[in-house]
Amino acid sequence: MTYASALPGQPRGGTIGGPATDRAVCVLAPNASPMTLDGTNTWIVAEPDSDLAVVIDPGPLDDAHLKDVIATAERAGRRVALTLLTHGHPDHAEGAARFAELTRTSVRALDPALRLGDEGLGLGDVITTGGLELRVVPTPGHTADSLSFHLPADGAVLTGDTVLGRGTTVVAHPDGRLGDYLDSLRRLRSLTVDDGVDTVLPGHGPVLNDARGVVEYYLAHRANRLAQVETAVEDGHRTPSEVVAHVYADVDRSLWPAAELSVRAQLDYLREHGLI
């Protein structure tokens with residue numbers, strides 16, 4: 001879900017999978033691509049002394065990966081007790097129903113169509129499985145149903161595709177909206193300022209050790225891109241594809257279709273604010 005090659009945030013080196021904080025372990029799905037980076041990060045989260053675990057984003061429908069997630073939890077002496085989704089894109093959620101079948105767990109998500117069980121997720125919800133505290137943070141923009149999960153005990157936030165470990169995120173127009181996305185970034189910045197969050201556990205790419213730095217970068221990057229799109233329109237580049245070719249000329253052309261989604265969201269935003 002990225003079309004840039006690098007960003008600040010002090011990304012951790014080494015392998016992406018494995019322990020990331022005292023409570024979070026990553027199992028990397030085997031679905032690497034230009035859009036998914038190294039693959040989808042499936043997160044196992046649990047209190048250190050608990051025998052119950054929560055899994056966030058089981059990932060693609062790949063039985064070997066789903067069973068590897070279960071085995072990783074079991075090797076730590078834990079049973080998967082709950083499945084959560086950051087959003088409904090297939091690289092995060094396609095395997096959720098099968099994973100729920102394998103673990104006999106419910107699936108909680110913002111979108112009712114993705115849930116298995118009676119409970120959804122929304123603002124103010126706190127997950128307390130096995131003594132764990134995960135706070136639900138609505139972060140729409142990449143998609144309308146995007147959520148993040150604040151893990152206070154580790155000073156961390158699991159961001160799905162709202163903030164990535166490398167590159168920047170597509171605003172997936174028309175479901176994703178730029179105004180919502182900017183509000184979500186500001187919400188995440190508040191977590192870094194007011195709630196002690198210093199670590200980003202992303203849906204793709206490495207863990208980031210400077211949460212505030214990367215969110216500030218994302219906000220600056222979006223402001224810069226928006227200004228570039230506005231200028232491109234003023235210079236006569238009217239269609240989304242024309243704007244992409246002008247503004248994203250330095251980006252791999254294979255990623256232009258994804259960039260065009262963000263451009264469409266940017267054009268909508270500029271029109272809504274009377275800027276074009």
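Not measured: the values here are computed from a predicted model.
A distance-only check finds no donor-acceptor pair linking the side chain of Arg79 to the backbone of Glu74 [under 3.5 Å]. A donor-acceptor pair under 3.5 Å is absent between the side-chain atoms of Ser146 and the main chain of His142, judged by distance alone. Looking at Asp62, its side chain does come within 3.5 Å of a backbone N or O of Ala64 through a donor-acceptor pair. Distance alone, capped at 3.5 Å, is enough to place a donor-acceptor pair between the Ser50 side chain and the Gly130 backbone. The backbone N or O of Ser33 sits less than 3.5 Å from a side-chain atom of Thr36, completing a donor-acceptor pair. Side-chain N or O atoms of Asp111 include one that pairs as donor or acceptor with a backbone N or O of Ala113 at under 3.5 Å. In this structure a side-chain-to-backbone donor-acceptor pair under 3.5 Å is present from Arg12 to Ala20. Using a distance-only test at 3.5 Å, with no hydrogens or angles considered, no donor-acceptor pair links the side chain of Glu216 to the main chain of Gly213. The backbone N or O of Ala211 lies less than 3.5 Å from no partner atom in the side chain of Thr192, so there is not a single donor-acceptor pair. Listed for the Thr128 side chain is no donor-acceptor partner under 3.5 Å among the backbone atoms of Gly131.
A salt bridge links Asp63 with Arg98: the distance from a Lys NZ or Arg NE/NH1/NH2 to an Asp or Glu carboxylate oxygen falls below 4.0 Å. Salt-bridge annotation for Arg264 and Asp268: absent, with no side-chain N of the basic residue lying under 4.0 Å from a carboxylate O of the acidic one.
Within the 4.5 Å cutoff, the side chain of Thr199 has heavy atoms near those of the Val207 side chain. Using a 4.5 Å cut-off on side-chain heavy atoms (C-beta onward), His173 and Glu260 make no contact. Using a 4.5 Å heavy-atom threshold, the side chains of Val233 and Asp235 count as separate. Looking only at side-chain heavy atoms (C-beta outward), Asp198 and Arg212 stay at 4.5 Å or farther from each other. Side-chain contact between Val126 and Val136: absent, with no pair of heavy atoms (C-beta onward) separated by less than 4.5 Å. You'll find the side chain of Val80 stays beyond 4.5 Å of the side chain of Leu52, heavy atoms only. Looking only at side-chain heavy atoms (C-beta outward), Val171 and Leu261 stay at 4.5 Å or farther from each other. Between Arg222 and Tyr181 the shortest side-chain heavy-atom distance falls below 4.5 Å.
When every heavy atom of Gly165 is checked against every heavy atom of Leu208, the shortest pair comes out as O-CD2, 3.5 Å. Taking every heavy atom of both residues into account, Leu116 and Ala97 meet most closely at CD1-CA, 3.7 Å. The two residues Gly122 and Asp125 have their closest heavy-atom pair at N-OD2, 2.8 Å. When all heavy atoms of Leu82 and Ser106 are compared, the closest pair comes out as CD1-OG, 3.4 Å. Closest of all the heavy-atom pairs between Ala265 and Gly176 is CB-O, 4.3 Å. When all heavy atoms are compared, the tightest approach of Pro140 to Pro138 is CD-C, 3.4 Å.
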(Q) Show, in sequence, the C-alpha distance, side-chain angles and deciding distance for Ile56 and Thr86, and conclude whether the side chain to side chain contact (heavy atoms under 4.5 Å, CB included) test is met. (A) CA-CA 7 Å; Ile56 300 172; Thr86 62; 3.8 Å; yes
Q.
Quick one, Ile276 with Leu267, criterion side chain to side chain contact (heavy atoms under 4.5 Å, CB included). Give me CA distance, side-chain angles, the key distance, then yes/no.
A. CA-CA 8 Å; Ile276 58 173; Leu267 291 171; 4.0 Å; yes
Q: Test side chain to side chain contact (heavy atoms under 4.5 Å, CB included) on Leu185 and Arg189 and set out the steps.
A: CA-CA 6 Å; Leu185 291 177; Arg189 182 174 58 187; over 6 Å; no
Q | Worked check of side chain to side chain contact (heavy atoms under 4.5 Å, CB included) between Val55 and Leu84 | A | CA-CA 6 Å; Val55 167; Leu84 306 177; over 6 Å; no
(Q) If you apply the rule side-chain hydrogen bond (donor to acceptor under 3.5 Å, both in side chains), what do you find for Thr159 with Thr162, and how did you get there? (A) CA-CA 5 Å; Thr159 54; Thr162 299; over 6 Å; no
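Looking only at atom types and distance, the side chain of Thr139 has a donor-acceptor partner in the side chain of Ser148 under 3.5 Å away. Inspection of the Asp145 and His87 side chains reveals no N or O donor paired with an N or O acceptor under 3.5 Å. There is a side-chain donor-acceptor pair under 3.5 Å between Arg75 and Thr72.
In this structure, the separation between CD on Gln10 and CG on Asn209 is 6.0 Å, given to the nearest 0.5 Å. Going from atom CZ of Arg78 over to atom CD1 of Ile70 covers 15.5 Å, rounded to the nearest 0.5 Å. Taken to the nearest 0.5 Å, the NZ atom of Lys67 stands 13.0 Å off from the OG1 atom of Thr103. Atom OG in Ser184 sits 9.5 Å away from atom CG in Leu147 (nearest 0.5 Å). Here CG of Leu134 is found 8.0 Å from OG1 of Thr129. Values are rounded to the nearest 0.5 Å. Distance CD/Gln266 to CD/Gln228: 9.0 Å, rounded to 0.5 Å.
No more than 12 heavy atoms of other residues, nucleotides or ligands lie within 6.0 Å of CZ in Arg177, so this atom counts as exposed by the packing criterion. Annotation: Asp250, atom CG; neighbour count of heavy atoms from other residues, nucleotides and ligands within 6.0 Å is above 12.
Close placement of the His92 and His204 rings is indicated, their centers lying within 6.0 Å of each other.
Neither Leu114 nor Leu110 shares a network with the other; the hydrophobic side chains, linked directly or stepwise wherever heavy atoms of I, L, V, M, F, W or Y lie under 4.5 Å apart, form separate groups for each. Under the 4.5 Å side-chain heavy-atom criterion for Ile, Leu, Val, Met, Phe, Trp and Tyr, Tyr218 and Leu188 are members of the same hydrophobic cluster. Both Leu164 and Leu191 sit in one connected hydrophobic cluster of ILVMFWY residues. Membership requires side-chain heavy atoms under 4.5 Å apart, directly or through other members. Residues Val137 and Leu121 are members of separate hydrophobic clusters, defined by side-chain heavy-atom contacts under 4.5 angstrom among Ile, Leu, Val, Met, Phe, Trp and Tyr. Taken together through direct or relayed side-chain contacts under 4.5 Å among Ile, Leu, Val, Met, Phe, Trp and Tyr, Val200 and Val25 form parts of separate hydrophobic clusters.
In this structure, the side chain to side chain contact (heavy atoms under 4.5 Å, CB included) partners of Asp183, at least two apart in sequence or on a different chain, are Arg186. Every residue two or more places apart in sequence or in another chain that forms a ring pair (Phe, Tyr, Trp, His ring centres under 6.0 Å) with Tyr269 is listed here: His273.
A cation-pi arrangement is present between Arg225 and Tyr248 under the rule of less than 6.0 angstrom and at most 45 degrees off the ring axis.
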Under 3.5 Å, sequence neighbours excluded: what are the donor-acceptor pairs made by side chains of residues 38-48?
from	atom 1	to	atom 2	distance (Å)
Asp38	OD1	Arg166	NH1	3.3
Asp38	OD1	Arg166	NH2	3.2
Thr40	OG1	Asn31	ND2	3.0
Thr40	OG1	Asp91	O	2.8
Asn41	ND2	Pro202	O	2.9
Asn41	ND2	Gly205	O	2.9
Thr42	OG1	Asp57	O	2.7
Thr42	OG1	Pro58	O	3.1
Thr42	OG1	His65	NE2	2.9
Trp43	NE1	Pro202	O	3.0
Glu47	OE2	Arg23	NE	2.8

